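Only one structure is covered here, and it is reproduced in the block below.
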Amino acid sequence: MSGYRDPLDEAFGVPSAETAPVPREPPYLAGLNTEQREAVLATDGPVLVLAGAGTGKTRVLTTRLAHILATRRAWPGQILCVTFTNKAAREMKERIGALIGGVVEGMQWLGTFHSIGARMLRRHAELAGLKSNFTILDADDQLRLMKQLIEAEGVDEKRWPARTLASMIDSWKNRGLRPDDISEGEAQGYAFGKGKLLYRQYQERLRALNAADFGDLLLEVLHILKTHPDILADYRDRFRYMLVDEYQDTNVVQYLWLNLLARGSGNVCVVGDDDQSIYGWRGAEVENILRFERDFPGAKVIRLERNYRSTPAILGAASGLIAANKGRLGKTLWTESANDGEKIRVAGVWDAEEEARNVASDAEDLHRQGQLYSQMAVLVRASFQMREFEDRFVTLGLPYRVIGGPRFYERAEIRDALAYLRLVNQPADDLAFERIINTPRRGLGDATLQQLQLHARRANVPLLQAAHALSATEEIKARPRGALRDLVAAFDRWRAQKDTLPHTELAEIVLDESGYTEMWQKDRSADAAGRLENLKELVRSMEEFENLGGFLEHISLVMDTDRGEGAEAVSIMTLHAAKGLEFDTVFLPGWEEGVLPHQRSLDEQGRAGLEEERRLAHVGLTRARRRAKISFVSNRRIHGSWTSSIPSRFLDELPEANVEVTEQKGGFGNYGANYGASRFDTMQSFGSNYATPGWQRAQARKARGFEEDQSDDFDIAHEDAPASAARAKPREAGKRRMPLTIEGELVAKSTGTSSFTPGDRVFHQKFGNGNVTHIDGNKLTIQFDKAGEKRVVDSFVERV
DNA sequence: CTCGGCAGAATTTTT
DNA sequence: TTCTGCCGAG
């Protein structure tokens with residue numbers, strides 16, 4: 001017995017009583033700086049860790065957790081550890097595993113707010129009028145549900161879009177408000193006060209469907225905790241230690257929920273950075289972090305300011321920028337480094353196409369110098385900016401991947417397949433039923449559905465049950481009746497097989513027998529093959545789960561899939577998606593008024609919006625380890641028409657010492673050369689206010705001049721023609737684009753020499769099918785059926 | 001019931 | 001520009 005040594009002790013280097021009475025520092029503390037160490041060791045009582053970008057926040061968090069475990073302050077199951085994203089949760093698990101050399105069992109309360117909320121809600125489902133196998137609805141389902149209610153209420157959906165109601169209800173839920181809590185004034189915002197009624201109806205409908213939306217996962221749990229002291233006491237007792245990541249992103253419900261629980265042990269440690277709060281639009285309140293000390297008097301506040309990521313030049317620029325924000329807790333990032341590193345490069349260019357060209361050629365240059373593509377990222381404000389980059393990268397054959405594009409589980413084919421599975425799992429899921437009743441086409445259209453709905457409402461039963469009943473009566477015409485009977489019989493069969501067959505097998509049977517797979521096999525469109533592939537992938541991914549229920553839970557909560565991670569490719573993503581990541585080189589295009597301080601943010605949130613935009617810019621800059629390259633364009637196409645844009649005000653806030661303005665080869669973008677009161681302001685080039693008609697004319701003239709260089713036959717006699725946007729870019733005329741790729745990522749395969757000949761029929765992930773018309777080395781000219789003529793590198797296409 | 005054509009709006013960010 | 005939703009014809 002005495003020889004027994006706990007594996008945990010072993011792993012952590014906790015001295016055993018016999019061998020080492022000498023106090024020795026556990027190995028996991030090695031390498032931490034003073035503040036980090038303090039944050040790890042201050043286990044008891046409230047602690048606020050203000051962790052600037054790149055200061056080792058995750059390391060502190062994981063080490064702290066490991067420390068709590070190692071010192072036996074709590075068992076894995078007694079620690080509540082909340083993150084904001086699934087990725088962060090996953091990473092945390094992995095890193096704790098790495099720290100103690102194995103997988104930690106029993107960390108069942110480590111996860112995102114929503115996954116933990118779902119866990120709790122399933123335990124107490126009946127208290128919220130649900131069964132524990134309730135379905136978690138996604139945005140799409142919610143919207144459809146709301147549309148039905150809006151219509152039933154006789155509200156004009158044109159005037160009061162379902163989207164508006166959805167976001168309203170969402171924000172109410174984010175603020176912890178249930179239907180009864182909505183004030184009349186608040187409800188006025190939608191359809192003359194019908195918002196409140198619709199909210200209540202929506203909740204009732206959810207209960208009838210045995211479903212919950214994302215907001216409910218927290219709101220309902222909060223309500224249960226508030227109204228059931230015994231349950232609250234139980235959780236308070238259970239959670240000896242609480243850790244919260246990204247505290248600056250918490251909204252009101254999350255805040256209330258955390259606070260309620262934290263009043264138990266009082267051992268709550270929140271980590272965050274007010275300068276990285278970028279989710280205000282989703283209900284996050286920076287104030288939560290700003291008032292932590294008031295909420296928990298005597299809280300220990302630890303600042304992590306030593307940055308291990310970026311060069312002094314980058315930190316200087318980022319600090320200078322963020323200093324313009326008011327109401328910060330205030331941190332100054334510093335780093336130990338002999339030299340400043342490369343200055344931030346700022347370049348003005350003509351348009352987004354040129355911007356993409358420059359970024360791509362810079363990326364190639366760096367690559368030639370030995371930099372990895374995987375160490376480069378293009379960070380944009382909004383996803384519409386991604387297109388130009390994708391286009392350019394595709395033509396060059398430069399490997400890239402889009403992160404956070406259309407997600408796997410949001411694709412139509414996946415959602416259809418899931419609807420089938422949901423319905424097998426939970427027969428009351430009317431939304432799933434509505435989705436698949438006529439997919440594939442089986443002659444069950446609107447008319448039949450309405451009959452079903454009528455019957456279902458009268459009998460107060462789910463649609464599937466109504467279908468069951470109606471398919472046996474004469475109420476429905478013969479043709480649809482037969483189809484309905486088949487469908488109902490199929491579901492009966494599948495449900496019977498649910499408990500006897502492995503769930504992956506069941507899924508295959510369902511997709512097969514329903515005719516869903518066949519539907520895509522028959523489909524001859526460009527992306528049908530990809531969709532079939534996705535369906536296979538879906539079934540494959542089910543293998544990791546014990547049963548159907550577990551799988552469905554996972555997919556509704558974990559919408560992100562990190563596909564292609566680690567690939568040697570340039571990442572393209574939004575600034576939001578980039579939080580928490582780092583790259584050697586970061587490209588920051590689109591620093592223009594209206595794009596980087598995004599117009600909408602400014603319009604809707606005023607100064608608060610501007611500050612959040614500035615934080616977004618700050619997040620972007622601090623992603624860079626070695627170099628950051630900012631650019632802005634003077635002409636941007638918005639909704640199809642060309643608009644002149646002016647450089648972002650944030651450019652002026654970058655300390656001059658850290659910035660280098662580069663001349664562009666294009667010749668039209670050298671605005672930065674004119675230093676003045678505002679270094680980047682285009683008006684300097686013209687000596688007049690940019691908003692005036694004169695400036696606009698100047699722009700137009702410039703545009704025409706540009707075209708003159710490009711095409712000989714341009715008629716410059718129209719000097720005084722109105723500044724037509726279309727005019728400025730005649731080259732664009734015939735250009736057409738396909739919708740975004742299904743895959744959302746394209747990575748060059750290393751094929752040998754070109755093995756194509758003109759006339760070959762080929763398939764391209766993005767552009768679909770087409771014929772090769774010309775070959776030039778490894779560059780093919782292809783006439784695509786849908787996307788028109790494109791020049792593409794051969795490794796991106798395959799023969800069909 | 002399905003398909004095609006047309007009008008009108010437009011998504012910044014996501015658990 | 002591009003996508004969506006609606007309407008009318010087959």
Side-chain angles (χ1 to χ4, degrees), chain A residues 82-89 111-118 136-140 142-143 147 157-159 161-164 166-167 170 173-174 213-218 246 249-251 253-254 277-284 379-387 403-407 409-410 437-438 441-450 477 479-480 483 556-560 573-579 590 594-605 609 612-613 615-616 619-620 636-643 725-726 729 732-740:
Chain A
V82 210
T83 65
F84 203 61
T85 65
N86 294 299
K87 200 163 134 216
T112 63
F113 276 103
H114 291 90
S115 66
I116 291 172
I136 299 168
L137 297 189
D138 62 28
D140 209 70
Q142 290 176 51
L143 218 52
K147 273 187 186 157
E157 219 236 293
K158 279 267 163 59
R159 203 158 156 216
R163 228 163 236 304
T164 310
S167 62
D170 194 52
K173 287 187 174 180
N174 284 159
D213 66 15
F214 272 81
D216 286 342
L217 297 181
L218 296 165
E246 308 278 19
D249 285 334
T250 51
N251 62 31
V253 209
Q254 289 161 342
S277 161
I278 53 175
Y279 286 99
W281 53 274
R282 229 175 68 192
L379 308 182
V380 299
R381 174 62 182 85
S383 40
F384 76 85
Q385 293 172 264
M386 292 180 180
R387 293 190 150 202
I403 297 185
R407 277 166 307 217
Y409 294 117
E410 277 172 12
I437 179 171
N438 204 27
R441 304 257 127 93
R442 38 172 84 84
L444 298 171
D446 239 18
T448 317
L449 183 58
Q450 288 198 357
K477 290 200 206 88
R479 197 131 52 114
S556 37
L557 288 173
V558 186
M559 286 298 240
D560 67 340
M573 68 185 99
T574 63
L575 288 164
H576 284 89
K579 192 163 81 161
V595 176
L596 189 39
H598 197 279
Q599 196 54 49
R600 206 147 163 164
S601 235
L602 262 31
D603 291 347
E604 288 169 13
Q605 307 288 328
E612 182 154 313
E613 294 293 306
R615 290 192 290 265
L616 214 35
V619 166
R636 197 171 275 286
R637 191 164 43 183
I638 296 166
H639 299 327
S641 57
W642 287 88
T643 324
K729 292 287 289 184
E732 285 292 316
K735 208 178 163 192
R736 294 212 37 202
R737 276 205 43 131
M738 285 278 291
L740 271 175

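Everything numeric in this text was worked out from a predicted model, so none of it was measured.
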Give one of base, sugar-phosphate or nothing for [X], where a contact means two heavy atoms less than 4.0 Å apart.
X        : answer
A:Glu612 : nothing
A:Ala139 : nothing
A:Ser383 : sugar-phosphate
A:Phe84  : sugar-phosphate

Could you list, one pair per line, each protein nitrogen or oxygen that sits under 3.5 Å from a nitrogen or oxygen of nucleotides 2-5 of chain B, together with the distance?
from: B:dT2; atom 1: OP1; to: A:Asn438; atom 2: ND2; distance (Å): 3.3
from: B:dT2; atom 1: OP2; to: A:Asn438; atom 2: ND2; distance (Å): 3.4
from: B:dC3; atom 1: OP2; to: A:Arg441; atom 2: NH1; distance (Å): 2.9

Note to self: Treating A:Arg615 as the side-chain partner and A:Ser277 as the backbone partner, does any N or O pair qualify as donor plus acceptor under 3.5 Å?
What the structure shows: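 Present.
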Margin query: Any side-chain to backbone donor/acceptor pair from A:Ser601 onto A:His598? Under 3.5 Å, distance only.
Written below: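 No, A:Ser601 side chain to A:His598 backbone: no donor-acceptor pair under 3.5 Å.
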In whole angstrom, give the distance that lies between atom [atom1] of [X] and atom [atom2] of [N].
X        : N      : atom1 : atom2 : answer
A:Arg163 : C:dG5  : CZ    : C1'   : 13 Å
A:Gln599 : B:dA10 : CD    : P     : 16 Å
A:Leu217 : B:dT14 : CG    : C1'   : 14 Å
A:His598 : B:dT14 : NE2   : P     : 13 Å
A:Leu143 : B:dT11 : CG    : P     : 12 Å
A:Leu602 : B:dT13 : CG    : P     : 17 Å

Check: Would A:Phe113 pass as stacked on B:dT15, i.e. its ring centre under 5.5 Å from the base's six-membered ring centre and planes under 30° apart?
Finding: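 Ring-base stacking flag not set for A:Phe113 and B:dT15.
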Nearest to the [X] side chain among [options], which nucleotide is it?
X        : options                : value
A:His114 : B:dT15, B:dT11, B:dT14 : B:dT15
A:Arg387 : B:dT14, C:dT1, C:dC3   : C:dC3
A:Lys147 : C:dG5, B:dA10, B:dT14  : C:dG5
A:His639 : B:dT15, B:dT13, B:dA10 : B:dA10

If I compare all heavy atoms of [X] with all of [Y], which pair ends up nearest, and what's the gap?
X        : Y        : result
A:Ala118 : A:Ile136 : CB-CD1, 4.3 Å
A:Leu575 : A:Gly620 : CD2-CA, 3.6 Å
A:Leu379 : A:Ala578 : CD2-CB, 3.7 Å

Between protein and nucleotides 8-10 of chain C, what N or O pairs are separated by less than 3.5 Å?
none

Check: Any idea how A:His576 and A:Trp281 line up, ring-wise: parallel (<30°), tilted (30 to 60°), or perpendicular (>60°)?
Finding: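 Because their plane-to-plane angle is over 60°, the rings of A:His576 and A:Trp281 count as perpendicular.
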Next item on the list: With A:Lys579 as reference, evaluate A:Asp249, A:Thr574, A:Thr85 under the side chain to side chain donor-acceptor pair (under 3.5 Å) test and give the passing residue.
Entry: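 Single side chain to side chain donor-acceptor pair (under 3.5 Å) partner of A:Lys579 among A:Asp249, A:Thr574, A:Thr85: A:Asp249.
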Note to self: Could you check whether any side-chain heavy atom of A:His114 comes within less than 4.5 Å of a side-chain heavy atom of A:Gln254, counting everything from C-beta outward?
What the structure shows: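 SC-SC contact between A:His114 and A:Gln254 confirmed.
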